Structures are given as C-alpha cells and as structure tokens.
Amino acid sequence: MLEQLHRSEEAIAHQQRLQIIGTMTGGIAHEFNNLLTPILGHADLLQLEVPEDSEIYESVREISDAAVRCKEIIRQLSSLSRKNVESEYQSLPAGRVLGRILKMIQSVCPSYVQVQGTLDLGDIRILGNETQLQQVILNICVNAFQAMAGQGGTLTVTGQLRTRQELGEASGGWEGAAGDLFVQLDLADTGCGMSSDTLEQIFDPFFTTKPSGQGTGLGLSLAQQIVRSHRGSLYAESELGHGSVFHLLLPAMEPEGQETMAFSGAGLVPARVLLAGDNPRTLAQWAQFLAGQGISASAVSWAELPEQLRGQETHVLVADCGPDLGRVLAQCQTLHGTYSGMRQALMAERKTREAFQAQQQEVFQCILEKPVSNRELLRAVEALLGSGKKTG
C-alpha cells in the first residue's frame, strides 16, 4: 500500500509539472510571436532595399527563412500548450479531408467487410476540426463493422452537397444544422440493423447494446456532441435485419476568394489604412512599411481609434489581436455596424471558430495568423483595397 501511495504521489507530481510546462509554453509561444514579428518585418524591408545579387541579400534571406521556420515551430508549441487542442477550427477542403478519413477507415477495416463509396464535393470547404471529425466518422464505422461481424457485409460511404431546400421534409433530424448549404456524408452498412426502440436511444449517454464490459455507451453520444459543436447534425435511419444509415450534415462554406493585387501602391495613395492594437512599436513598423509602398497607413492604440475613425474616412482597419481575442472581436463587431463601408482584417495567434464565424458574417474580410510578415500584410491590404474579396 505504501508503494502504491508513493507511485500515486509521483504520478500527481509529474502531472503538475506537465501542467506548469504547458502554461509556460503558452506564454513563451506568445512572447516569441512578438519577437518574430519585427524580425520578419525588418528582414522584408532589407530585402527590398538590398540588391538581389549581393551577399547581404542572401544573408537577409537566410534570416527571413529561419524566422519562417521558427514561426511553424511556435505554432506547434502553441497547439501543445492549449488545454483543449481539439477546439481549434480551420477552413478545411471537405473532399480532401473526408477522402483522407475514408482511406484511414479502409486501413482498419476487418477482412469480412468491404468499404466502397464516392465523394462528390468539388472545392467546397467546411469549418471544423479534422481530428474531431475523424473521431466521429471512425466511431460510426467501428459500430458498423461490429454490426456486420460474423456474416460480413458492405459499408458504403457517399458525400454530396445538399441545400436546405433539397433536404426538405423527407429527411429527419437535420433541422439542428445551421446554414443553407451542407456537406452530407452518408455511411450505410448491411448489418443487423436496429429496432425502433434502440434507434431512439443510440445517442443517449451510457446506452449500449453490447455485452457488459465491451462498451461504454459514450461513443455515439460524444460524436453527436462534436457534430453539434460544428453547427451540424447527426442522425440515423435503421430497420431490424436491413442495416443502418448514419447521416452527417456539416455547414458548407463558400470557396475562399483568391488574393488579388488589383493595382500598384502608387494608385492607392487616396486610400487610408489604420492599424490598431496594443503593441505600438510593431504597428509603427508595419505602418512604415505600408507607407513605403505608397499606402497611407497609421498606427493607433485602441483608445485612440474612435477619434481617428471620426476624423477621416478609413478604408481598411487592421486589428492586431493579443491574448484577449473576445474583446477585439466585440470591438470590431461594433465598428462593423457603425462603419459598414470599412473593410477589416484580423491578426490573431490562431484561427478560432469564433474568428471564422465573424468572417462569415462579413465582420472581417481577412484573417492573418501571427506572426505576420510585411509581405503578407501588404498582399492582404492590397486585396482589401482592390477587390474586397475574402482572403486568408
């Protein structure tokens, strides 16, 4: 008992050390992002000023390349430090992501089951977390494999685009999904099927038809929670002895707009760009770079922003977001309602679901993931001034 108690104390101490390391890593990643931003910015400035055939240019490019590699490492560290990595949402190409998941299913499929299917999704995108979606689909497929154990069978996976009007009243259970355009994924098995009583309970926590000790009854309940967090819907149709079909509906996004550089900096002089945030030195460096490209840009704090907006028409606002993303989103939402003609770009440490939703609501036309180089910022500003299409 003393030995077991000692091992428990060591495990608790180790867990506490891991939590401390995770917290420290998050802070370190944030600070390194702040350091990498001026490194990338000034490296870009030097590359514009130094002749390309000089040794100095090659050295500056090495600095820039190293900073970009550091940016990727910091992004990975930030993911590891978050309490819930799965809460990060991205714009995902639906066909490619679901295709990868389908290949993974085929690799774990038992020999007595044949997997077949088609995905007709074009270049449509969805907002979600690939790991969580993989978990949902794999859970459904494992249940299908178990339903076909013994006699064997076929699992058919089909993906297509559906509008709310096409779904109509024929389908049930989809009403909870948000939006008018959906990616519909159907997973149909030829297994033993379910009775109507069982079908009504499959998403209830701790409900299972498996023998005691072989299932927790949480798999489908968790899958439904994940789908709902994606603003989608998951429901099933089944008949005893005739197999089951699970329908997964996810809101589809419009294809991302292409970044355009509509005209040169010299033609953008009348336009006005404001960069707002809590880091004046970095903002001033960005403003200086944009000014060098012929774009009238100024750096202001959040406190100074209201007066600057009232004094002169602003065409683009670049909002530099620190750790407090919620506050910045709320401020920009208010500005969007007041200055409807002003386009906004958000610079954030990661692209969250809330940020993407704000972009879908036209609060932002562009989201840039920090650290942001001068050239990335220039491309985004020129696209917003030139075409107004969504970027990033």
Side-chain angles (χ1 to χ4, degrees), residues 37-38 41 44-45 48 254 256-322 324-349 351 354-392:
T37 297
D44 285 344
L45 285 173
L48 293 174
E254 295 179 2
E256 294 187 348
Q258 300 297 314
E259 292 184 348
T260 58
M261 299 178 67
F263 41 90
S264 66
L268 300 175
V269 175
R272 182 175 186 241
V273 177
L274 286 181
L275 299 101
D278 297 322
N279 193 334
R281 293 187 63 181
T282 301
L283 294 177
Q285 182 258 316
W286 276 323
Q288 178 187 0
F289 173 79
L290 292 176
Q293 306 305 307
I295 300 173
S296 176
S298 303
V300 298
S301 65
W302 288 113
E304 298 169 334
L305 181 60
E307 183 178 351
Q308 290 288 330
L309 291 174
R310 287 193 298 267
Q312 184 180 344
E313 182 183 5
T314 300
H315 300 87
V316 173
L317 172 66
V318 180
D320 180 20
C321 175
D324 192 357
L325 176 62
R327 175 177 63 89
V328 174
L329 288 178
Q331 287 178 310
C332 292
Q333 180 77 51
T334 302
L335 293 174
H336 173 67
T338 307
Y339 304 95
S340 58
M342 180 178 68
R343 295 164 189 157
Q344 298 190 78
L346 175 70
M347 290 193 293
E349 292 190 3
K351 297 179 179 180
E354 291 77 15
F356 268 118
Q357 288 174 341
Q359 186 179 15
Q360 289 298 101
Q361 296 166 2
E362 301 294 335
V363 176
F364 301 107
Q365 285 73 42
C366 177
I367 301 176
L368 298 170
E369 195 166 356
K370 296 167 66 176
V372 180
S373 70
N374 287 351
R375 295 185 180 185
E376 288 177 302
L377 178 61
L378 176 62
R379 285 197 298 267
V381 169
E382 286 189 324
L384 294 177
L385 290 173
S387 66
K389 293 181 180 179
K390 290 181 183 178
T391 64

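No hydrogens, no waters, no symmetry mates; every other heavy atom, side chains included, goes into these values. Keep in mind that what you see is a predicted model, and the values were worked out from it rather than measured.
To the nearest 0.5 Å, atoms CG (L275) and CE (M347) are separated by 6.0 Å. Atom SG in C321 sits 12.0 Å away from atom CG in L368 (nearest 0.5 Å). In this structure, CG on L274 lies 6.0 Å from CG on L309, to the nearest 0.5 angstrom. The CG atom of N374 lies 4.5 Å from the CZ atom of F289; values are rounded to the nearest 0.5 Å. To the nearest 0.5 Å, atom CG of residue L329 and atom NE2 of residue H336 are 13.0 Å apart. Here the CZ atom belonging to F364 is positioned 5.5 Å from the CD atom belonging to Q344, to the nearest 0.5 angstrom.
Applying the salt bridge (Lys or Arg N to Asp or Glu O under 4.0 Å) definition to pairs two or more places apart or across chains, those involving residues 325-335 are D278-R327, D324-R327. For residues 287-310, no pair satisfies salt bridge (Lys or Arg N to Asp or Glu O under 4.0 Å), with sequence neighbours left out.
Residues passing the side chain to side chain donor-acceptor pair (under 3.5 Å) test with S298, sequence neighbours excluded: none. Applying the side chain to side chain donor-acceptor pair (under 3.5 Å) rule to Q308 yields the partners R272; only residues at least two apart in sequence or on another chain are considered. Shown here are the side-chain contact (heavy atoms from CB on, under 4.5 Å) partners of A276, two or more places apart in sequence or in another chain: V300, W302, L305, L317. Residues forming a side-chain contact (heavy atoms from CB on, under 4.5 Å) with Q288 (at least two apart in sequence, or on another chain): none.
Checking L384, L378, L385 one by one against E382, the side chain to side chain contact (heavy atoms under 4.5 Å, CB included) holds for a single residue, L378. No option in V318, V381, D320 other than D320 meets the side chain to side chain contact (heavy atoms under 4.5 Å, CB included) test with W286.
The shortest heavy-atom contact between A287 and A299 is CB-N, 4.1 Å.
A side-chain donor-acceptor contact under 3.5 Å links Q365 to the backbone of E362.
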